[in-house]
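Notes to accompany the following structure.
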Amino acid sequence: MDRYEPHEIEAKWQRVWDDERAFHVPNPGPGEAAPENHWYQLEMLPYPSGPSLHMGHVLNYTMGDVQTHVRRRSGWNVLRPMGWDAFGLPAENAAIREGRHPRETIERNIETMRAQMKRLGWAIDWEREVAAHQPTFYRWTQWLFQQFVKNGLGYRKEGPVNWCPNDQTVIANEYIVDGRCERCGAEVELRQMTQWFFKTTAYADELLEYEGAEWPEKTMAIQRNWIGRSEGAELLFHVDELGMDIPVFTTRADTLFGATFFVVAPEHPFVAAHASAEAQDYARRAGARQTEDRAAETEKTGVFTGHYATNPVNGEQLPIWVADYVLMDYGTGAIMAVPAHDERDGQFAETFGLPVVQVIDDDGRLVNSERFDGLTIEEGARAIVAALEAEGRGKATVNYRLRDWSVSRQRYWGCPIPYIHCEQCGVVPVPEEELPVLLPDIEDYAPKGKPPLAQNEEYMNVDCPQCGGPARRDPDTMDTFVDSSWYFIRYVDPHNETAPWDRAVADYWMPVSQYIGGIDHATGHLLYSRFFVKALNDWGLLGFREPFARLFHQGWVQLGGTKMSKTKGNVAGPDEIIAAYGADAVRLYVLFMGPADQDMEWVPEGVEGIVRFLRRFWRVIHDVAERAPSPGERDGTLARKANETIAKVTDDVLRRFQFHTPIAAVMELVNELSSAPDAPDARVAAETAVSVIQPYAPHIAEELWTVLGHERLWEEPWPEADEALLVRETYELVVQVNGKVRDRLQVEASLGEDELVALARESEKVRSHLNGGEPRKTIVVPGKLVNFVV
RNA sequence: GCCGAAGUGGCGGAACUGGCAGACGCGCCGGACUCAAAAUCCGGUUCCCUUCGGGGAGUGUGGGUUCGAUCCCCACCUUCGGCACCA
């Protein structure tokens, strides 16, 4: 027997798979009958800003790989592609640090990571590889951007945006944590800018539904929180002396009679237009402060504006105050204040000595509300809104926390926005036949507070496609979430030069059958991708409305108690472990560490146990190949154990999505096999062990398969458990007295209840606990236990 | 404050539908091989008591349902995650 030399056999089989295009999956040709069992296995694509894969990637892609192998061998037509989220800020910042061009940095990182992936032996169809920064890809990103604009879902708007002073660009809401930029930690500022937006709010309600999508409850809850749907009413308050209306949003129209004052946000246009000088001064000071700082303040502050609003239900004059506890970007930026039934309004009233009127009693019924007295909260709200609606002073509405998606970025390394600004014609799309607008190679792409592209006259100056006059290109680039919102569709048809994809091909493979990735993308990538697919479906480009039929989140691989990440610098790469033990050991260990959806601690010494198992496995299989009779028998103890292992592995991987217990099951089988390598049924058990470990450790499995005299295990049908062998001839019957185990008996599987009870009563141990008495009650569960109650 | 998830040996964890708690692995202890060590192999390893037959306790805490609860119900504690002056 040769020694187990992982590097030799891994290189050998990787070469074979490569030469044979073993994992290439062709698309069904036009009019060709396509296999019905198709499976689109996808893991979130890596972001090649760092020079290496980390263990989180290894976990993620190995899980996908196990799924891929088991499905392939079970007869599914499996699509399993890979690509690169190559545009974006971290990559650009890394390039700046290194003093190189982002393209150089990124393409070098992609080379490294691709080599690592191949070294790990993942079953990827490399002929479908895509990268966001390649013109062949971003041509269609730009085309899609124009579709959004043409369909009214993309627009330009001036408004306050989140500006990171360190990264010198606008950043998205989900990248702000406690008022700071998640990436660099700088305090985010508000700036007035004209920006491109995608109208995610148009799909707010639909994004709350997950029809046909099997998603973790948790992820849907995060998205629901983020969307923040809130049913209520918009009510109009009239300012008599100015002859104008101010709308408010409220979820508590039932408390309208309890409104004793009225508050507008410092940024509310009413303040600048009509408030007293003192109030305007307050608003200026408050508006300059961060929302988070304002929230941290416990004391309520505010100033009376000098005007009054009329309560639409009873004509009462309510003083209008400006206060920073009311936020301009939620609802209408103005509220009716009901100090008796809202904690914040209550604090404000107390601070400024404003009146408090109770309008809901302890039983939850309306009081002091004239003709609405006695109604419940729900009835009251409905009745009051209905009454106001009849007068044109209110209507039921739904408000959302979700904002439209701001997609412009003032940085270099992204997809150019395919629009031209002409003084005569306005904002004009670059004609489709001129796409892509190529990202120019420029020398100086360091951030300077204005987009690097804006400084490049050669790029910026262009003829207007409409009037031919001088015009300027849009100097911004797109948020990288635009790229990742559709990359998974491009995979199905990656070389299409006339369209982003062929709809028939997309509809064949999609939606993604199983998506695996981090839950940190719940409010970013996963939400935007759903938005994209709903829009694309509405335009007739796709035949489905949810991109990811099933979703799974892997846990974090932690080192020293904190999650591995580039920013924390505690990234452990797979290279050293592969060099020391081989790819199969790494693959097995990442999955053996624990349940894949829970965080796990990377213990470098832990891989030793797996290595020991692999060496032992190697030895035992060789031993069996030499000593066990061939063809051998199929129904002994080992064969039955092997059969149970098949059932366990298959069920865990396919139904339970659990990857660590199958490894334990195979270890058990190998342990038993090692004590009887010459048994009549050892050969069938050995073949089973090798066959079912193949998705986890494909190289050693392939090699041992040849040792057992076979070939091409990666194409071998996945073994099926033999139902007949799963039924045990005898089993261990547990005998309890008062629910406590007192004895265990080997019994024939065919015995009926009466026979089991009779056998159990004969047990010495049981008799001593029965103390000669008759059981008051006897419970029999055939196949499991007998319980005597005394 | 609202919403969600999780608490099992020294450690990672298993127990899938209410039926043997601790599979598998790490670590540790003992033994074999060795001049010795590493590697490998064999055995042991929840805790307490024990006359070595066995007995008792035990899955965050306290209750409940049940012949029987890690699993179901109620209350609480702790940890983690999401949202949050959101009207």
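Per chain, numbering begins at 1; letters A, B, ... match sequence-line order.
Atom-to-atom, OH of Tyr325(A) to P of rC86(B) comes out at 10 Å; the value is rounded to the nearest Å. Rounded to an integer number of Å, the gap from CG of Asn738(A) to P of rA69(B) is 11 Å. Look at CD1 on Ile222(A): it is 12 Å from P on rA84(B), rounded to the nearest Å. The separation between Leu785(A) atom CG and rA69(B) atom P is 12 Å, rounded to whole Å. Separating the CD1 atom of Ile227(A) from the P atom of rA84(B) is a distance of 13 Å, rounded to the nearest angstrom. rC85(B) atom C1' lies 9 Å from atom CG of Asp324(A), rounded to whole Å. Distance CD (Glu644(A)) to P (rA23(B)): 17 Å, rounded to an integer number of Å. The interatomic distance linking Glu753(A) (CD) with rG19(B) (P) rounds to 17 Å, in whole Å.
Taking atom P in both rG31(B) and rA36(B), the straight-line distance is 13 Å, to the nearest Å. Rounded to whole Å, the separation between the C1' atoms of rG12(B) and rC28(B) comes to 15 Å. Comparing rA15(B) with rG7(B), their P atoms are spaced 12 Å from each other, to the whole Å. The gap from the P atom of rA57(B) to that of rG53(B) amounts to 22 Å, rounded to the nearest Å. Across rG25(B) and rU46(B), the matching P atoms stand 15 Å from one another, rounded to whole Å. Straight-line distance between the P atoms of rA21(B) and rC26(B): roughly 25 Å, to the nearest whole Å. Rounded to a whole angstrom, the distance from the P atom of rG9(B) to that of rU17(B) is 23 Å. The gap from the P atom of rU59(B) to that of rC52(B) amounts to 31 Å, rounded to the nearest Å.
Panel note: side chain His525(A), backbone His521(A); no donor-acceptor pair is recorded below 3.5 Å. Between the side chain of Tyr4(A) and the backbone N or O of Arg616(A) there is no donor-acceptor pair closer than 3.5 Å. With Arg403(A) contributing its side chain and Thr200(A) its backbone, the two residues share no donor-acceptor pair below 3.5 Å. A donor-acceptor pair is defined here as one N or O able to donate and one able to accept, closer than 3.5 Å; such a pair exists between the side chain of Glu755(A) and the backbone of Gly752(A).
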Considering only nitrogen or oxygen atoms on both sides, find all protein atoms under 3.5 Å from nucleotides 26-28 of chain B and state each distance.
unit_1: rC26(B); atom_1: OP1; unit_2: Arg612(A); atom_2: NE; d: 3.4
unit_1: rC26(B); atom_1: OP1; unit_2: Arg612(A); atom_2: NH2; d: 3.4
unit_1: rG27(B); atom_1: OP2; unit_2: Arg612(A); atom_2: NH2; d: 3.3

Sort me out a list of protein N/O and nucleotides 2-12 of chain B N/O pairs below 3.5 Å, or just none if empty.
unit_1: rG12(B); atom_1: O2'; unit_2: Met593(A); atom_2: O; d: 2.4

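When distances run from any side-chain atom of Val734(A) to the nucleotides rC67(B), rC20(B), rA87(B), the shortest one goes to rC20(B). Proximity note for Ile335(A) (side chain, C-beta onward) versus rA87(B), rC20(B), rC85(B): the nearest is rA87(B). Listed nucleotides rC83(B), rC20(B), rC16(B) differ in distance to Arg744(A); the shortest reach to its side chain belongs to rC20(B). Comparing rC83(B), rA87(B), rG19(B) against the side chain of Ser230(A) picks out rA87(B) as the nearest. You'll find that the side chain of Asn671(A) is closest to rG25(B), out of rC42(B), rC86(B), rG25(B).
Applying the side chain to side chain donor-acceptor pair (under 3.5 Å) rule to Asp584(A) yields the partners His699(A); only residues at least two apart in sequence or on another chain are considered. Every ring-ring contact (aromatic ring centres under 6.0 Å, His included) that Phe617(A) has, sequence neighbours left out, goes to Phe613(A). By the side chain to side chain donor-acceptor pair (under 3.5 Å) test, Glu608(A) pairs with Tyr581(A), sequence neighbours left out. With sequence neighbours left out, the side chain to side chain donor-acceptor pair (under 3.5 Å) criterion links Tyr528(A) to Glu174(A). The ring-ring contact (aromatic ring centres under 6.0 Å, His included) test applied to Phe348(A) returns Phe261(A), Trp321(A), Tyr325(A), Phe352(A), not counting sequence neighbours. Remark: Arg550(A) engages no residue in a side chain to side chain donor-acceptor pair (under 3.5 Å) (not counting sequence neighbours).
Applying the 90° cutoff around 0 to the glycosidic angle, rG53(B) is assigned syn. Against the 90° criterion about 0, the sugar-base torsion of rG12(B) places it in the anti range.
Closest-nucleotide positions on RNA chain B for Gln736(A) and Gly331(A) were compared, and the one nearer the 5' end corresponds to Gln736(A). Two residues, Thr523(A) and Arg742(A), neighbour RNA chain B, and the one matched to the more 5' nucleotide by heavy-atom proximity is Arg742(A).
Sorted by first then second residue, the side chain to side chain donor-acceptor pair (under 3.5 Å) pairs that include residues 335-344 of chain A, not counting sequence neighbours, are Asp342(A)-Arg344(A).
Smallest separation of non-hydrogen atoms from Val780(A) and Val757(A): CG2-CG2, 3.4 Å. The two residues Val356(A) and Ala349(A) make their nearest non-hydrogen contact at CG2-CB, 4.3 Å.
Checked by atom type, the side-chain pair Ser230(A)/Asn399(A) shows no donor-acceptor distance below 3.5 Å. Between the side chains of Arg401(A) and Asn225(A), no donor N or O sits under 3.5 Å from an acceptor N or O. Residues Thr62(A) and Tyr696(A) bring no donor and acceptor atom of their side chains to less than 3.5 Å of each other.
Stem analysis of RNA chain B (at least three stacked-register Watson-Crick or G-U pairs, each with both distances under 3.5 Å) gives B:1-7 with B:77-83, B:10-12 with B:24-26, B:27-32 with B:40-45, B:46-49 with B:54-57, B:60-64 with B:72-76.
A salt bridge does not link Arg619(A) to Asp623(A): none of the charged side-chain nitrogens sits closer than 4.0 Å to a carboxylate oxygen. Salt-bridge check for Glu234(A) with Arg393(A): failed, with every basic side-chain N at 4.0 Å or more from each acidic carboxylate O.
Other residues, nucleotides and ligands contribute over 12 non-hydrogen atoms within 6.0 Å of the CD atom of Glu5(A).
Contact annotation: side chain of Lys784(A) to base of rC20(B), donor-acceptor pair absent below 3.5 Å.
Note on Arg401(A): a side-chain N or O is less than 4.0 Å away from OP1 or OP2 of rA84(B). Checking the phosphate oxygens (OP1, OP2) of rG58(B), no side-chain nitrogen or oxygen of Lys740(A) falls inside 4.0 Å.
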Base contacts versus sugar-phosphate-only contacts with protein, heavy atoms under 4.0 Å: please encode nucleotides 44-51 of chain B as B, S and - from 5' to 3'. --------
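Among the heavy atoms of the strands, none lies under 4.0 Å from Arg776(A).
Only Arg656(A), Gln658(A), His660(A), Thr661(A), Ala664(A), Met667(A), Glu668(A), listed by number, bring a heavy atom of residues 656-669 of chain A to less than 4.0 angstrom from any atom of RNA chain B.
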